Amino acid sequence: MAETAPLYDTYVRAPLRFERGEGVWLITETGERYLDFAAGVAVNALGHAHPHLVAELKSQVDKVWHLSNLYEVPGQEKLSKRLTEATFADKVFFTNSGAEALECAIKTARRYQFAKGHPERYHIITFEGAFHGRTIATIAAGGQEKYLEGFGPKAPGFDQVPFGGLDAVRAAITNATAAILIEPVQGEGGIRPATNEFMRGLRQICDEHGLLLVLDEVQTGVGRTGKLFAHEWAGITPDIMAVAKGIGGGFPLGACLATAEAASGMKAGTHGSTYGGNPLAMAVGNAVLDIVLADGFLQHVRDVALVFRQGLASLKDRFPDIIEDIRGEGLLLGMKAAIPSSELLQAIRAEHLLGVPAGDNVIRLLPPLVVTAEEAREGIARIERAAESLRAARAKKSA
C-alpha cells in the first residue's frame with residue numbers, strides 16, 4: 001500500500017493517476033484510457049495538450065514568466081481588448097481563479113455604490129443553491145451551510161432568495177441593496193438553468209432600482225453553453241461578470257469584466273493581485289480565444305451538444321429507474337439520478353468515462369468543447385453500459 005501523502009484531507013480523490021492527456025482522453029500511468037467528460041470541472045475547454053495552446057505557452061516560457069502589475073504587460077492589453085470587443089464590457093481585471101474573479105466582482109459592485117455616495121448599499125442578493133467559490137466572501141455569497149460550517153460568522157451583506165422567483169427578489173430589495181449576483185446555470189447546485197424570462201426580469205429590476213447585475217459565468221462562459229457567454233441566450237447584458245475555468249484552458253486564469261460605469265469606483269490602489277495577468281496566463285488566454293472565437297467553433301459546440309442531449313434523453317427514456325432527468329444547456333449537462341448519484345458515477349467510471357458530482361443528486365457531464373459527435377456517441381454508449389450493469393445488479397439484489 002502506498003504511503004499517504006502529507007496533504008490536507010479536504011478532498012475525496014478517486015484512485016486514478018493520470019499521466020497524460022490527448023484531446024478528450026486521459027491516460028493513466030498504466031496506460032488505461034478514460035473519456036474525459038469532466039474536463040477538470042469545465043476547465044479543459046479545448047481538451048488536453050491542444051497543440052495551439054501548447055505552442056503558445058512554450059513560446060512564452062522562453063521569454064518571461066512573471067512581471068507583476070508594477071509594469072505594463074502586453075499580453076494583458078491584447079487579451080483585455082479582445083474580451084471587451086467580444087462582450088458588453090469596457091474594463092477587465094485579471095485574476096488566477098474563479099473565486100478571485102468573484103471577489104473582484106463583489107468589491108467592484110460595492111465600491112460603485114460607495115463612489116456614488118451610497119456607502120450603505122453593500123448588500124448583494126444571491127440565490128439558494130448557488131456556488132461562487134471557497135473564500136470567506138464567496139462562501140457567504142453561496143450561502144450553503146456545508147461550506148460555511150466551522151469558519152466563524154458568515155460574512156455580512158448577502159441576502160439569499162429562492163432561485164427563479166422574481167417576486168422574492170423584489171421583496172428582498174432594501175435601501176442597503178447594491179447588486180444581484182447569479183449563475184445563469186447553477187453548476188455545483190445541480191445544473192439548474194435560469195430561464196431567459198427570469199434573467200430578463202433581473203435585468204429590468206436592476207435598472208428600476210439602480211442596482212448592478214453581476215453574473216458568475218465561471219462555469220458557463222467561454223462557449224460552454226454554445227454562446228460565448230450564457231447570458232447571451234436571454235438577450236441581456238450584465239454590469240459585471242466573473243469569468244475563469246475555460247478561459248485558461250487548464251492554466252490558472254480568471255477575469256472580472258465590467259462596464260466603464262460599473263468599474264468607475266475601482267481607482268488605483270483599491271484592488272490588486274500579485275500573479276493576476278501574468279505573461280504565461282495571458283499567452284494561454286489569448287490562445288484559447290484564437291480557437292473559441294474562430295468562425296464555426298460555437299456552432300460546432302451547439303451541434304455536438306444537440307447530439308449529446310438527444311442521446312442522454314434516449315437513455316433517460318430507456319432507464320427511468322436509473323436516470324430521472326436530463327438538464328442543462330450546451331455542453332453543460334447534468335444527469336439527475338434515480339438512484340444515489342455516487343452509484344451512477346462509480347458505474348460510468350467503471351466504463352472509463354469521467355463525470356463530476358453536483359448537488360441535487362446530479363452528475364455533471366462537461367466534455368471539452370472540441371469533442372466530436374462520434375466521441376459524444378461513445379460517451380452515450382458507455383453510460384448505456386453503466387445503466388445496464390446497474391439495472392442488472394439491482395435486479396440480482398432484489399431477486
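In what follows, every heavy atom counts, from backbone to side chain, and hydrogens, waters and symmetry copies are set aside. Just so you know, these numbers come straight off a predicted model, no measurement behind them.
Between T270 and K107 the shortest side-chain heavy-atom distance does not fall below 4.5 Å. Within the 4.5 Å cutoff, side-chain heavy atoms of L280 are placed close to those of L57.
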Would F127 and F198 satisfy ring pair (Phe, Tyr, Trp, His ring centres under 6.0 Å), going step by step from the backbone distance to the final call? CA-CA 13 Å; F127 296 87; F198 184 64; 5.7 Å; yes
When you look at R200 and E197, which way does the salt bridge (Lys or Arg N to Asp or Glu O under 4.0 Å) test go after all the steps? CA-CA 5 Å; R200 287 193 284 265; E197 291 74 22; 3.4 Å; yes
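Here the CZ atom belonging to R203 is positioned 9.0 Å from the CG atom belonging to L211, to the nearest 0.5 angstrom. Taking CD1 of I363 as the reference point, atom CG of L344 lies at 3.5 Å (rounded to 0.5 Å). One finds the OG1 atom of T237 at 10.0 Å from the CE atom of M241 (value rounded to the nearest 0.5 Å). Rounding to the nearest 0.5 angstrom, the gap separating the OG1 atom in T84 from the CZ atom in R82 is 11.0 Å. Residue Q310 holds its CD atom at 10.0 Å from CD1 of I380, rounded to the nearest 0.5 Å. Interatomic distance, T138 OG1 to Y147 OH, rounded to the nearest 0.5 Å: 11.0 Å.
Of the residues I236, I182, D207, the one that meets the side chain to side chain contact (heavy atoms under 4.5 Å, CB included) test with L202 is I182.
Scanning for side chain to side chain contact (heavy atoms under 4.5 Å, CB included) contacts around R17 gives E29, with sequence neighbours left out. Under the rule for a ring-ring contact (aromatic ring centres under 6.0 Å, His included), the partners of F37 that lie at least two apart in sequence or sit in another chain are F308. Partners of F93 under the ring-ring contact (aromatic ring centres under 6.0 Å, His included) rule, at least two apart in sequence or in another chain, are H271. Every residue two or more places apart in sequence or in another chain was checked for a side chain to side chain contact (heavy atoms under 4.5 Å, CB included) with A313, and none qualifies.
A salt bridge is defined here as a Lys NZ or Arg NE, NH1 or NH2 lying under 4.0 Å from an Asp or Glu carboxylate O, and E22 with R33 meets this definition. A salt bridge is absent between E329 and K227; no separation between the charged side-chain nitrogens and carboxylate oxygens falls under 4.0 Å. Of the charged side-chain nitrogens involved, none lies within less than 4.0 Å of a carboxylate oxygen, so that D325 and K316 do not count as a salt-bridged pair. Between R394 and E343 there is a salt bridge, since at least one side-chain N of the basic residue sits less than 4.0 Å from a carboxylate O of the acidic one. Look at K336 and D360 and you find a salt bridge, because one of the NZ, NE, NH1 or NH2 atoms lies within 4.0 Å of a carboxylate O, short of that distance.
Considering every non-hydrogen atom in both V24 and V370, the closest pair reads CG1-CG2, 4.5 Å.
Each ring-ring contact (aromatic ring centres under 6.0 Å, His included) pair with one or both residues in residues 225-255, not counting sequence neighbours, would appear here, but there are none.
A donor-acceptor contact closer than 3.5 angstrom links the side chains of T372 and E375. For the residue pair Q60 / E56, no side-chain donor-acceptor distance below 3.5 Å is found, with atom types taken as modelled. For the residue pair E103 and T135, a side-chain donor N or O sits within less than 3.5 Å of a side-chain acceptor on the partner. Counting only N and O atoms by type, the side chains of S341 and N361 include a donor and acceptor under 3.5 Å apart.
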Donor-acceptor pairs are to be reported for all side-chain atoms of residues 117-126 against protein atoms at under 3.5 Å, with residues two or more places apart or in another chain.
{"unit_1": "H118", "atom_1": "ND1", "unit_2": "E120", "atom_2": "OE2", "d": "3.4"}
{"unit_1": "R121", "atom_1": "NE", "unit_2": "T177", "atom_2": "O", "d": "2.9"}
{"unit_1": "R121", "atom_1": "NH2", "unit_2": "T177", "atom_2": "O", "d": "3.3"}
{"unit_1": "R121", "atom_1": "NH2", "unit_2": "H209", "atom_2": "O", "d": "3.0"}
{"unit_1": "H123", "atom_1": "ND1", "unit_2": "D159", "atom_2": "OD1", "d": "3.3"}
{"unit_1": "H123", "atom_1": "ND1", "unit_2": "D159", "atom_2": "OD2", "d": "2.9"}
{"unit_1": "T126", "atom_1": "OG1", "unit_2": "A141", "atom_2": "O", "d": "3.0"}

